[in-house]
Protein chains: 2
Amino acid sequence: MANTHRIRSDFVEKVGQIAQGEGLPKIAGRVFGLLMFDGEPISFGALATELQVSRGSISSSVRLLEDRGVIKRVGVPGERQDFFQIADQPFTGLLEGALKRIKRAEQEIEASLSELSIEAGATRDRLRSYSDFYKTLGGGLQHALSTVDDKKG
Amino acid sequence: MANTHRIRSDFVEKVGQIAQGEGLPKIAGRVFGLLMFDGEPISFGALATELQVSRGSISSSVRLLEDRGVIKRVGVPGERQDFFQIADQPFTGLLEGALKRIKRAEQEIEASLSELSIEAGATRDRLRSYSDFYKTLGGGLQHALSTVDDKKG
DNA sequence: AAGTCAATTCAGTATAAACTGAACACTTTT
DNA sequence: AAAAGTGTTCAGTTTATACTGAATTGACTT
């Protein structure tokens, strides 16, 4: 049998890297990876010691992940510490965040577009195609989102 | 009539911000925005002076954008400088790059998955759902990509 | 209510990435 | 062939952001 613990820490590091690639803090990715792998609730303190990072970092990472609905804070009977667990729909929040960014970009471009006078024909066409790109992209993510949604929910 | 020049520089800055949000250098975004707005070829030197950045930055930005197929380097008769112009399918390359990142992440997760012994049932289920998420996301982008592709042909 | 324990905040530090500008190599002009 | 023009490279600097750790706040425990 393979060494589960090594697989686990490899996985945690991988997710850290992936997160960094997506523009998220590496530690947040590690937290996500750990909770994903273990499934069961892990305490605030355990996250800090196991990942060997400061409690301050854990605090900001879990808030980030909580805000996006990727993890949830749960209570454990007889325990004073906060515990964290992977959310029921961890990916929905991520997709929604991406969608929001895309929508914002689309709106920014359309704002510029609407300022341009009618004579600026070719420029208008290009900006239009740019905002169309974001529309299409948003549509693709929207589709992914609904697919992810009814996987479980 | 609205002041076109102000709209133009606003747009350029907006695209710079959007690029930064996507994890790309701000200057690369500005270059893209400028070429997008103007449509016609702009010289290497003009990019540097107009955006008020070093020639070194222009060099690396245009290479990045060229590599992704977002812009193209064109010659202008009687001119020694390189000129740059928005590519015919500027968005295709961007999407392809995003897809590649997603595919890589998916594979990483599946690598961990395949290492896990059969007893690790629940963990396997979670990692499977994680890689499924990337599959779904990739499908969404793939769809967007083909839509973008046949907008122009 | 004093003492412990837990999480957050925030000022300071470390790290990573972007950006600069001068040196370089190559090309064209005079 | 010297001079001027052009793009790239890269060592050094700046900037942005992640991270730390000590101070702080609040909530339990005795």
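Below, chain A is the first sequence line, B the second, and so on; all start at residue 1.
- R73(A) has a side-chain polar atom (N or O) that falls below the 4.0 Å cut-off from OP1 or OP2 of dT8(C).
- A perpendicular orientation is assigned to the rings of F11(B) and Y130(A), their planes being inclined by more than 60° (bins at 30° and 60°).
- The distance from atom CG of L51(A) to atom C1' of dA18(D) is 15 Å, rounded to the nearest whole Å.
- Residue Q52(A) contributes atom CD, which lies 21 Å from atom P of dA18(D) at whole-angstrom precision.
- Counting non-hydrogen atoms under 4.0 angstrom, R63(B) reaches the backbone sugars and phosphates but no base.
- Comparing atom distances between the R55(A) side chain and each of dA7(C), dT20(C), dG21(D) picks out dA7(C) as nearest.
- If you measure from atom CG of L24(A) to atom P of dC19(D), you get 11 Å, rounded to the nearest angstrom.
- The CD atom of Q81(A) sits 15 Å away from the P atom of dC28(D) (whole-angstrom rounding).
- Atom CG in L47(A) sits roughly 13 Å away from atom C1' in dA7(C) (whole-Å rounding).
- In the set dT8(D), dT8(C), dA18(C), the nucleotide with an atom closest to the side chain of P25(B) is dA18(C).
- If you check every strand for non-hydrogen atoms under 4.0 Å, I58(B) touches nothing.
- When distances are taken from the side chain of S57(B) to each of dT20(C), dA7(C), dG21(D), the shortest belongs to dT20(C).
- Atom P of nucleotide dA17(C) and atom CD1 of I27(B) are separated by 17 Å, given to the nearest angstrom.
- Heavy-atom distances to DNA chain C give each of K26(A) and D82(A) a nearest nucleotide, and the one nearer the 5′ end belongs to D82(A).
- Summarising the geometry, the separation between CD on E79(B) and P on dT6(D) is reported as 8 Å, rounded to the nearest angstrom.
- Between E110(A) atom CD and D132(A) atom CG the span is 8.0 Å, to the nearest 0.5 Å.
- Nearest heavy-atom pair across F32(B) and L65(B) is N-CD1, 4.1 Å.
- To the nearest 0.5 angstrom, K135(B) atom NZ is 14.0 Å from Q142(B) atom CD.
- Atom pair L65(B):CG and dT8(D):P shows a separation of 13 Å (rounding to whole Å applied).
- Closest to the R80(A) side chain, of the nucleotides dA6(C), dT20(D), dT6(D), is dA6(C).
- In the model, R126(A) has a side-chain atom that pairs as donor or acceptor with a side-chain atom of T123(A) under 3.5 Å.
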